[in-house]
Amino acid sequence: MTHFDKIVSRYGTYSTQWDYVQDRFGEEGLLPFSISDMDFEIPRGTKEILSQAVGKGLFGYTRWNHHEFKGAISDWFARRFNTTVEEDWISYSPSVIYSLSICIQLLSKENGKVVTLTPCYDAFFNVIKENQRELVSVSLRKENQFGIDFSELENCFKKIKPAIFLLCNPHNPTGRAFTVEELHQLIDICNLYRVAIISDEIHMDILRKGVEHTPILSFKERIDVPVVLLSSASKTFNSPGLGCSYAVIPDDNLRERFLSILKGRDGLSSVPYLGMLALQDCYDHQEEWLIELNDYIDGNFRQMDELLKDTPFITSYTPDATYLAWLELTNLPVSMDKLQDILVHQEKVAIMRGDTYGVEGKNYLRLNLGAPRQKAIDGLERLIRGIQQATGK
């Protein structure tokens, strides 16, 4: 048994996934595998750092623009990904989606077009729409293990002349970690058609054994258009409730415009103190915890494959990255509505339906395996029973 097997109740913590599961699924008390946070405690050392800070009881306005914060990020990219991120390129941001919203405003005009690969993280739909931009989707090729159809992408760029290409790498929900060759092709097409690149890399640390993540800024010298990398320690170390992310913006002018909006228009010059401390400690001292986490999640995927291998109507695969399983039910002889009704009301389990992430996901479920194995097995067994009830097999 490892410390990741420890089950800690999240009820009473105002947890979106647990306390408010009824908001999305219409029923309380479900076993949830929905929102993409984990059911693990943060690293022990980080918890001690935060406990000491809480003990001091001082939570005034806090500065983020210093070496301890930006150096932790820069060193993490150098150590984990062999990628140079200058400290001067880094800005605090309250969330990746906030940064994305501001960058969309800065890199495109109202009614401008933003291209992304679908299915995609559902927040992308909302943030693009609410900024009065148009999302244009290019479907990932399922038959090519969710690869990019570069001919389709280039034709799209020729036809619609987008301002921005929005990359999610590793990709949510499919779990693809795009290869160096794919990123090279993507950059070359963006250069050719003068399309800015925004890369959401919040899932960059959760990788299967033997898989590597390559940040978009590894190719900075190859990129001739504006480029921004958005990320956070929160997905990796399960601290989104502490509120701290960052934007990496190499271009001085673009970064100054971003900071002007962050600090001036939106009044966000002060970082949440505990979020900043957590990021610094996790990046500086908790790499071993991450290695153990990845090993544990690899084990959850192996357990999933074992449980589902003989289950009809459902196809599983182990993704390159993330703790999110993307399960195909293309041949299910009943509707997704009927299956969800059984899962929610009879099996009392909450699993995200794939069409949340676009039409390409209509025959899929997204199941969060960032949890103790006992919970993962329980949820998968409920899913199997739900399919059996729905199909009579």
Side-chain angles (χ1 to χ4, degrees), residues 7-42 94-101 118-131 135 168 172-174 200 202-203 232 234-235 237-245 272 275 322-327 329 334-372 374-376 378-383 385-387 389-390:
I7 294 177
V8 181
S9 175
R10 295 182 62 187
Y11 287 118
T13 64
Y14 306 100
S15 165
T16 301
Q17 182 165 204
W18 289 81
D19 288 312
Y20 296 98
V21 67
Q22 70 271 18
D23 290 354
R24 193 181 287 261
F25 291 89
E27 186 163 323
E28 297 180 350
L30 304 179
L31 185 68
F33 296 85
S34 50
I35 305 301
S36 58
D37 62 11
M38 297 186 288
D39 292 320
F40 305 127
E41 294 181 329
I42 61 174
S95 74
V96 164
I97 293 302
Y98 171 86
S99 296
L100 174 58
S101 179
T118 50
C120 70
Y121 177 39
D122 52 318
F124 287 180
F125 297 116
N126 297 329
V127 74
I128 291 170
K129 177 183 176 182
E130 294 303 320
N131 274 295
L135 183 146
C168 183
N172 177 8
T174 68
D200 172 356
I202 197 169
H203 290 278
S232 172
S234 65
K235 197 69 68 176
F237 296 98
N238 205 36
S239 58
L242 295 175
C244 184
S245 81
T322 83
Y323 45 75
L324 305 169
W326 187 238
L327 305 174
L329 294 90
V334 299
S335 69
M336 184 63 71
D337 286 342
K338 180 176 180 180
L339 176 62
Q340 281 289 337
D341 184 72
I342 291 171
L343 292 175
V344 170
H345 299 296
Q346 296 184 40
E347 291 301 325
K348 307 296 182 182
V349 64
I351 303 172
M352 295 294 287
R353 53 190 297 158
D355 55 11
T356 303
Y357 311 99
V359 294
E360 293 90 348
K362 66 180 181 178
N363 296 317
Y364 289 82
L365 292 172
R366 195 194 77 168
L367 186 146
N368 180 347
L369 289 179
Q374 178 182 330
K375 180 199 172 192
D378 189 359
L380 287 162
E381 289 177 341
R382 295 185 196 207
L383 171 60
R385 289 198 300 269
I387 292 173
Q389 292 179 60

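Along the sequence shown, residues are numbered consecutively beginning with 1. As a basis for the values below, the full set of heavy atoms in this structure was taken, side chains included, without hydrogen atoms, waters or symmetry mates.
Remark: Y121 OH to I202 CD1 distance equals 7.5 Å, nearest 0.5 Å. Note that the CE atom of M336 and the CG atom of L365 stand 4.5 Å from one another [nearest 0.5 Å]. Between the CG atom in L135 and the CZ atom in F124 there is a gap of 9.5 Å [rounded to 0.5 Å]. With rounding to the nearest 0.5 angstrom, the CG atom of N368 is 8.5 Å from the CE atom of M38. The CZ atom of R382 sits 15.0 Å away from the CD1 atom of I387 when rounded to the nearest 0.5 Å. To the nearest 0.5 angstrom, L367 atom CG is 5.5 Å from L380 atom CG.
Across all their heavy atoms, K338 and A390 have their closest contact at NZ-O, 3.8 Å. Summarising the geometry of W326 relative to P119, their closest heavy-atom pair is CZ2-CG, 3.8 Å, with the distance given to 0.1 Å. Of all the heavy atoms in L31 and G379, the pair that sits closest is CD2-N, 4.0 Å. When all heavy atoms are compared, the tightest approach of P94 to S245 is C-OG, 4.0 Å. Residues P240 and D37 share a closest heavy-atom pair of CG-CB, 4.3 Å. Contact detail for L369 and A376: the closest heavy-atom pair is CD2-CB, 3.9 Å.
Judged by distance alone, with hydrogens and angles left aside, the side-chain atoms of D39 form no donor-acceptor pair with the main-chain N or O of P372 at under 3.5 Å.
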Full working for salt bridge (Lys or Arg N to Asp or Glu O under 4.0 Å) between D200 and K235: CA-CA 12 Å; D200 172 356; K235 197 69 68 176; over 6 Å; no
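Residues D122 and R366 are not paired through a salt bridge, judged by the lack of any N-O separation under 4.0 Å between the basic side chain and the carboxylate.
Screening F25, Y20, W18 against P32 for a side chain to side chain contact (heavy atoms under 4.5 Å, CB included) leaves a single residue, W18.
The aromatic rings of Y323 and H203 sit perpendicular, their planes meeting at an angle over 60°, well past the 30° parallel limit.
Counted by atom type alone, N131 and S101 present one or more donor-acceptor pairs between their side chains at under 3.5 Å.
The environment of CZ in R24 is sparse: at most 12 heavy-atom neighbours from other residues, nucleotides or ligands sit within 6.0 Å. Heavy atoms of other residues, nucleotides or ligands lying less than 6.0 angstrom from OH of Y11 number more than 12. Residue E28 places its CD atom among 12 or fewer non-hydrogen atoms of other residues, nucleotides or ligands, all under 6.0 Å distant. For Q346, the CD atom sits in a packed shell: over 12 heavy atoms of surrounding residues, nucleotides or ligands are nearer than 6.0 Å.
Residue pairs meeting the salt bridge (charged side-chain N to carboxylate O under 4.0 Å, His left out) criterion with at least one member in residues 342-359, sequence neighbours excluded, are E27-K348, D337-R353, E347-R385, R353-D355.
Side chains of L383 and L327 form a contact here, defined as non-hydrogen atoms less than 4.5 Å apart. Looking only at side-chain heavy atoms (C-beta outward), N172 and T322 stay at 4.5 Å or farther from each other.
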